There are 2 protein chains.
Amino acid sequence: MAADGQQPADGERAPRRGPASQQDMRRQNLALVMRTVAAAHPLSRADVAGRTGLTRTAVSSLVDELIAGGLLVEGELERSGRVGRPGRALVLNDSGPAGLGLEVGVEHLGACVVDLRGDVRIELHRAAPNAARPADRTLAELAELAAQIEAQAVALGLRVVGRVLAVPGSVRVPVEGPGRYLEHAPNLGWHHLDLPAAWPGPGTAPAVENEANLGAMAELWQGVGSGTFVHISAGEGIGGALVLDGRLFGGVQGFAGELGHLTVRPDGRPCSCGARGCLEPYAGLAAVLRSSNLTVRHDTDAVGELVRCAEAGDPAVLRALLHAGTALGTALAATVHLIDPATLVLGGAYADLARWLLPAMRTELAALIRVRPWPDDALRASPLARRGPVLGAALTTVQRLHADPAALWQSGTG
Amino acid sequence: MAADGQQPADGERAPRRGPASQQDMRRQNLALVMRTVAAAHPLSRADVAGRTGLTRTAVSSLVDELIAGGLLVEGELERSGRVGRPGRALVLNDSGPAGLGLEVGVEHLGACVVDLRGDVRIELHRAAPNAARPADRTLAELAELAAQIEAQAVALGLRVVGRVLAVPGSVRVPVEGPGRYLEHAPNLGWHHLDLPAAWPGPGTAPAVENEANLGAMAELWQGVGSGTFVHISAGEGIGGALVLDGRLFGGVQGFAGELGHLTVRPDGRPCSCGARGCLEPYAGLAAVLRSSNLTVRHDTDAVGELVRCAEAGDPAVLRALLHAGTALGTALAATVHLIDPATLVLGGAYADLARWLLPAMRTELAALIRVRPWPDDALRASPLARRGPVLGAALTTVQRLHADPAALWQSGTG
DNA sequence: TCTATTCGTCAGGCCGGAAGACAAATTAAT
DNA sequence: ATTAATTTGTCTTCCGGCCTGACGAATAGA
């Protein structure tokens, strides 16, 4: 469910098509200063110059622009005990531009606001029967929630400059340049939704992005992901999001990471896709529930129920999770051999179930990966778990400001 | 065999660490002009300006520098029948800087010289018992071969400015910044070879790179690869090289693309790695030979023998290739689900055997890939086949000049 | 109080591309 | 044939961005 065709076939990524101008140079250096300050917070202009290789003069000019744009603020004098005139501390502005993350789940709505430092400042959740009502009702409530949280943000001195919505479905464009068009969200019963057109609120419509992808990016920015990793989450199907060298990789048609249909048991159980032996009928949420002999009402928290039963020691549930873990291990061994990631991160529902899934998965991984080292702890549960998608949605805006601060006051290529 | 630990764990690729200077801007624009001319050969300065977005003035200045550097040459006046003063044609210099590719195989040495246009100008092959003699003997002969072909290049007016050696083994650094240190080449019996130290010739020692990776890059630059694809080749083991968005992806530790140890038959044949059911004991060259009941002398062209027997209709060989093809199809279905490449390219020995492998592979791929479209012709045999590695080695230099022409006269970051 | 040291800023210079003007070379029209 | 129109390539001028060097400001140590 992670990535189903949300990217037009643009295989060749344009590395920089137009000519390089002095404006681009300026932009790059603004970003460089921004990144440097973000990396090691209280820093004087001279520190930044030392770390970046720019002259103090240039840094001063760049910093002036960033301060004028509201991205940096000048703190007090750093009295560090060293000889010489003390520098003025530069820090990321925690009362400036901020990112808004929204989330539509099957049974809830979520929203959060993150400031430039990446700190979550406000977070709201609300139960909502989104699968059982038309999309416009849900969007109306979401818009209302967004307006409410934005008002709270203003009260904190924050200015929301980007809105991203996490949905359990497929979108046209990946995180880098957020999409506006929702292809399919089977769990919600939403299809071909043009968000700017359908958005009811007074504010701007958010960009849409797949929740699994956003969860993966959140992991990269704040969790245990480190440059190159694979994020596995369970939704309608099983989705892997590939983060390679710090960038989300969607493949040529956006189908990359389709873990759910890796063959783990040749000629095994039939899968909904028409093939046999796919991972999904062994480790998908639906399959686990069926094997557990649990009949969960559709509008109920199935994962929570599984966790409760597992904690209570229900043998059918434990067996189901063991089998699922083994099958997941088989598929992930293939993933490790192909991608060679630094870590595998279990997200979403799998993170909640990690306590029972991990042992079987690690056993299987150790059995199948022999030709290269594979430490047990390279497979981890996400600490963000189900908060990942909203967080990732809100952080998308913040990260974009870090990567290209000039985008705020200079319309142009993000 | 493609990628066995040839890359230090540098997961995070530095996107540009230092500050952007005016020199960088100049470099980028030089590269832009170079790429533009390379893409559509006879082009006037005004054409280049139109395509790049640079002014005619800027293009003139950049072109002057490229001509002075010997990368471009000015042709005759283009009399194109259109009104207005005709422009002077700019073309890539085919008598200027060139790339030298070298290859050490188990039974042969190879060399070729490619000019700036990517045309192969000279190509030499020589049988040589490299597995049966010490490395220094082979290197001595290789250096002699290199000197010989460089002399021929000079006679053609070419100046070799980069040398890359393709080896069937693992190297420290990937193509981008060629390595100098050979880790292991089991087929040759070479281990821990520091090439600059061991090089006997009077000339400079070549950079070393894995032959499967070079074959993949050759496919990208001149073959059927298109931005994002997987290149599969057979050597000691089975190696997949991943080319994603036009860049070779090695994974965190350089192990990416280890197709040979994907599990295709759980609890199947034991593999040399210690696990069971890997692809290698089903589709590796050694396994195919064994199943074919062919006893090939070690110093003989095993692949050629297989092709001859298959053409003659030997039932055991045909059966062996059918089984290998099916197993390859299973592994490649997983690859497609995970990577979502535009194409799969069979290279090296598999390209020679493609006629017999392809049908079973396509059947298996069609059976397992149901959740997304997968056209039969997305799986192809490489047209370069066994010439790929040498070609890729020579083209590495040429591509580097296209991507950063200033590197020729301005020492700095490649 | 004075010196050494470090910070931030100011003035001047250099480099690279943009804008506009001009000569040169061709086609089309008179 | 001559003139107008058009396109090319170069020249001059300008501007924006960073660098170099120098200076006042602010601190620690003598």
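Protein chains get the first letters and strands the later ones, always in sequence-line order, with residue 1 at the start of each. A quick note: this is a predicted structure, and the numbers were derived from the prediction, not measured.
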List the steps, then state whether side chain to side chain contact (heavy atoms under 4.5 Å, CB included) holds for A:Met25 with B:Asp24. CA-CA 9 Å; A:Met25 186 169 73; B:Asp24 294 328; over 6 Å; no
Of the residues in residues 51-63 of chain B, which ones touch DNA chain D at a heavy-atom distance under 4.0 Å? B:Arg56, B:Thr57, B:Ser60
Ignoring hydrogens and angles, answer whether the base of D:dG16 and the side-chain atoms of B:Gln22 contain a donor-acceptor pair closer than 3.5 Å. yes
Write down the distance between CZ (A:Arg82) and P (D:dA26), rounded to a whole number of angstrom. 18 Å
Give the rounded distance in Å between these two atoms: CG of A:Leu32 and P of D:dG17. 16 Å
Just how far, in rounded Å, is C1' of D:dT10 from CZ of B:Arg88? 11 Å
Would you please test B:Ser44 and B:Arg85 for side chain to side chain contact (heavy atoms under 4.5 Å, CB included) and show each step? CA-CA 11 Å; B:Ser44 72; B:Arg85 168 179 164 179; over 6 Å; no
Nearest heavy atoms of A:Ala98 and A:Thr397, plus distance in Å: O-CG2, 4.1 Å
Under the side chain to side chain contact (heavy atoms under 4.5 Å, CB included) criterion, do A:Asp119 and A:Asp94 qualify, and how do the steps go? CA-CA 9 Å; A:Asp119 293 335; A:Asp94 63 352; over 6 Å; no
Considering only heavy side-chain atoms of A:Arg26, the closest of D:dT6, D:dA28, D:dC18 is D:dC18
Taking all non-hydrogen atoms of both residues, which atom of A:Pro97 and which atom of A:Leu116 are closest, and how far apart? O-CG, 3.6 Å
Does B:Arg85 get its side chain close enough to the base of D:dT7, under 3.5 Å, for a donor-acceptor pair? no
Does a sphere of radius 6.0 Å around CD in B:Gln152 hold more than 12 heavy atoms from other residues, nucleotides or ligands, not counting ones at 6.0 Å or beyond? yes
Passing option when B:Leu395 is tested against B:Val114, B:Val120, B:Val164, B:Leu214 for side chain to side chain contact (heavy atoms under 4.5 Å, CB included): B:Val114
On DNA chain D, more 5' by nearest nucleotide between B:Val83 and A:Gly84 is B:Val83
In whole angstrom, give the distance that lies between atom CG of B:Asp24 and atom P of D:dC19. 11 Å
Of all nucleotides in DNA chain C with an atom under 4.0 Å from a non-hydrogen atom of chain B, which is the first and which the last going 5' to 3'? C:dC15 to C:dT27
